[in-house]
Amino acid sequence: MGRISARIAAVAESATLAIDAKAKALKAAGEDVVGFGAGEPDFPTPAHIVDAAVEACRDPKTHKYTPTSGLPELRSAIAAKTARDSGLAIEAAQVLVTNGGKQAIYNAFATLLDPGDEVIVPAPFWTTYPEAIALAGGVSVYIDTDESTGFRATLDQLEAARTPRTKVLLFVSPSNPTGAVYGRDEIEAIGQWAAEHELWVLTDEIYEHLVYGDATHHSLPVVVPELADRCVVVNGVAKTYAMTGWRVGWMLGPLDVVKAATNLQSHATSNVANVSQRAALAAVAGDLTAVAEMREAFDRRRQLIVKMLNEIPGVSCVEPEGAFYAFPSFKAVLGREIKGRTPSTTLELAEIILDEARVAIVPGEAFGAPGYARLSYALGDEDLERGVRRIGDLLA
Ligand SMILES: Cc1ncc(COP(=O)(O)O)c(C=O)c1O
């Protein structure tokens, strides 16, 4: 009998961890490191949200548990916000407030999957999904996407991945790490395909408000209403309101799924911190001014980072249409000598870039896409320019 259960021992160490730990250690030692790793806005949480939390802290009512599923007024406000922002009509009872979007993903897969059930996971994917699927006993079936389709999965690819064991399609738009945004027609075709084959869809809409240029976010169960009874939507306040540290997300879905997931959460973590829920209430009940301002800054940085990356020999980057990540290819850099070292993987390249240029990027291996790397552009304009210039100087 092992000291660690087989189930938990199989959880992969995050491929980002080593480089992140190294970057932090260098920073702590006083080194000037530019970090493109963090998936969080560099803005503070808007003042009216912080004020609501301060007020909540002083109110003894807030010092108590809330129902596991969340404060009733927050669940209602999330239902109203969902109708306002994506056009999806749901009742408050269909909302489970979770510790970030991350717990919503964990809860959803744990609630939907039996051992051996398959989930179609388009790659590049955010690192958490395969682990949440595996912890639920599910099996990830990957589809590779690349620049040729703007990192969007095609219907043919989905159909080729479907088997009698397929239960869920994971659908993420805008995507972390690629910034890909699916068009309405593509969503309609994918949704109808899922409905036809009676698949479930977990759709992660956490970047719904961060779309640029002509891109528009469409919610899958709105475009294909017949899927609503087999669709779980994940969302949260982290990215929209610069609230990553407050840990408030939610899942929306059919009543039976939400009820079962609430039972799970009641034994795992109970309610999300009451004060954080009050802050989230102020966020979702308020307007979208703050996110409009952040979006403007992100859009400017997006254009700058894509332009600068494409000027580096051997680096090519398609323009992301959403979220706040650039996902350039470094394939033409691999095998080249850089300061006496010859990287054959982006994992090695990221290490060299950190060692030699003091810039932290996340290698594509973390997202099931070797040859690429993710750079978050949710950092200050000056840091962004400085960081990419350093990579350019190193690879010139
Ligand atoms: C696609 C996606 N979904 C969900 C999350 C979870 O966010 P949180 O748990 O901070 O709400 C993230 C965070 O990076 C993300 O990128």
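Whatever order the structure lists ligands and atoms in, that order sets their numbers, starting from 1.
A side-chain donor-acceptor contact under 3.5 Å links Glu348 to the backbone of Ser344. In this structure, Thr62 contributes its side chain and Asp59 its backbone to a donor-acceptor pair below 3.5 Å. Of the possible donor and acceptor atoms, none in the side chain of Lys167 sits under 3.5 Å from a partner among the backbone N and O of Leu113.
Listed by first then second residue, pairs satisfying ring-ring contact (aromatic ring centres under 6.0 Å, His included) with a partner in residues 339-363 number zero, not counting sequence neighbours.
In Lys239, the part holding a heavy atom less than 4.0 Å from any atom of ligand 1 is the side chain. When heavy-atom distances to ligand 1 are checked against a 4.0 Å cut-off, Phe324 has no atom that comes that close, whether in backbone or side chain. Counting heavy atoms closer than 4.0 Å to ligand 1, residue Arg247 contributes side-chain atoms (C-beta onward) but none from N, CA, C or O.
Applying the 4.0 Å criterion to heavy atoms of Gly101 picks out, from ligand 1, the atoms 8 (P), 9 (O), 11 (O). Listed by number with element, the atoms of ligand 1 under 4.0 angstrom from any heavy atom of Lys102 are 6 (C), 9 (O). Near Ala238, meaning under 4.0 Å from any of its heavy atoms, are these atoms of ligand 1: 10 (O), 11 (O).
Residue, atom and distance of the protein heavy atom nearest to atom 7 (O) of ligand 1 are Ile206 CD1, 3.6 Å. Distance from atom 3 (N) of ligand 1 to its nearest protein heavy atom, with residue and atom name: Asp204 OD2, 2.6 Å.
By the 30° and 60° cut-offs, the orientation of the rings of Tyr212 relative to Tyr377 is tilted.
Between Phe151 and Tyr372, a ring centre-to-centre spacing shorter than 6.0 Å is recorded.
Residue contacts with ligand 1 leave out Trp246, since none of its heavy atoms falls under 4.0 Å from the ligand.
In this view, Glu73 and Arg278 satisfy the salt bridge (Lys or Arg N to Asp or Glu O under 4.0 Å) rule, not counting sequence neighbours.
Polar contact with ligand 1: present for Tyr207 (N/O pair, distance under 3.5 Å).
Test Arg301, Arg295, Arg302 against Asp299 for salt bridge (charged side-chain N to carboxylate O under 4.0 Å, His left out) and you get one pass: Arg302.
The nearest non-hydrogen atom to atom 12 (C) of ligand 1, considering only Tyr325, Trp126, Trp250, comes from Trp126.
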